[in-house]
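Counting starts at 1 for both ligands and their atoms, following the listed order. Because only heavy atoms are used, hydrogens play no part in the values below, and waters and symmetry mates are left out as well, while side chains stay in. Just so it is clear, the model here is predicted, and its values are computed rather than measured.
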Amino acid sequence: MSTERRVTSAAIRTRKGRPFPVITAYDAPFARCVEAAGIDVVIVGDSLGMVVLGHASTAPVDLVDMQRHAAAVARATKRMHLIVDMPFGSYETSGADAVAAAVSLVKLGGASSVKLEGGTRAASRIAAIVAAGIPVCAHIGVLPQTAGIDAGFRRRADRETLLADARAVEAAGAFAVVLEMVEARVAGEITAACSIPTIGIGSGLNCDAQVLVLHDVLGLYPEAPPFAKRYAELGRVATDALRAYADDVREAAFPPRSDANGRNVEGEGTYTIGGIA
Ligand code: KIV
């Protein structure tokens, strides 16, 4: 068993005022890349629905999806703090339902903390989950789970409401708050008004931290939002690699021909899966 400790929510709180990177992750291979890159705060977001599961929105994502993908990220990493999204439908009905869902994400998903959407309207749920001993990251501004009935995906600049939302989630006990698509000037005011770190996405530079969706950063999702920055084109690299493999097979260039005695020459030795050689 690993003795390395994960970054705690208390440690993240102390980063207020010092910019730090946050990124999403949903599976073991990319979680390993994220940890190797020195990023120690990860959101297992319900953006999973679009960028990994192929849904059109986050709405179909359920608790089992979140538990399974969070657990994969947890198994592959040692130090990073795992903020796991509570999916739509898992916390709206009652405080008791919200606590039960959050507990399941800790027990089955290895969550270090959970995240849920909503400001003033979500404050009682945040307080209930925190009282149960689970740290909560809040999420205000554009709320993808309910964008259809809220303000949609337009940048938010309604200063009074957003400031009230930020104050409500801080008072409810959140250790950090995601600001999604908030006008930079208002995001700066919220950041100055709150003692907890703000984690911006599409909200300008005046936040304590920044988060982006992994697949947008790596060029693996064709419908990335306009504020996302692509740092690589892994979709193109993967397609080129797969085309080269397909060409090799069609041209009988892979695997290599056996030797004169009919023995395989494509790599010697055994390999191990699950400890079985
Ligand atoms: O679902 C998600 O990926 C998120 C982050 C981008 C903040 O909520």
In a table with atom names and distances, give each donor-acceptor pair under 3.5 Å that connects a side chain of residues 46-57 to protein atoms at least two apart or in another chain.
unit_1	atom_1	unit_2	atom_2	d
Asp46	OD2	Gln145	NE2	2.7
Ser47	OG	Tyr26	OH	2.7
Ser57	OG	Ala59	N	3.2

Just by modelled atom types, is the Ser90 backbone N or O under 3.5 Å from a matching donor or acceptor in the Glu92 side chain? yes
Examine distances only and state if a side-chain atom of Ser112 and a backbone atom of Leu82 form a donor-acceptor pair shorter than 3.5 Å. yes
Please, which pairs that meet side chain to side chain donor-acceptor pair (under 3.5 Å) have at least one residue in residues 156-178, sequence neighbours excluded? Thr120-Asp165, Arg156-Asp158, Arg159-Glu189, Glu170-Ser195
Assess whether salt bridge (charged side-chain N to carboxylate O under 4.0 Å, His left out) is satisfied between Asp40 and Arg15, documenting all intermediate values. CA-CA 12 Å; Asp40 62 9; Arg15 294 184 185 176; 2.9 Å; yes
Identify all pairs of nitrogen or oxygen atoms, one from ligand 1 and one from the protein, separated by less than 3.5 Å, and list them with distances.
unit_1	atom_1	unit_2	atom_2	d
ligand 1	1 (O)	Asp46	N	3.2
ligand 1	1 (O)	Asp46	OD1	3.0
ligand 1	1 (O)	Ser47	N	3.0
ligand 1	1 (O)	Ser47	OG	3.3
ligand 1	1 (O)	Asp85	OD2	3.1
ligand 1	3 (O)	Ser47	OG	2.5
ligand 1	8 (O)	Lys115	NZ	2.8

Tell me which pairs pass salt bridge (Lys or Arg N to Asp or Glu O under 4.0 Å) where either residue lies in residues 192-210, with sequence neighbours left out. Lys16-Asp208
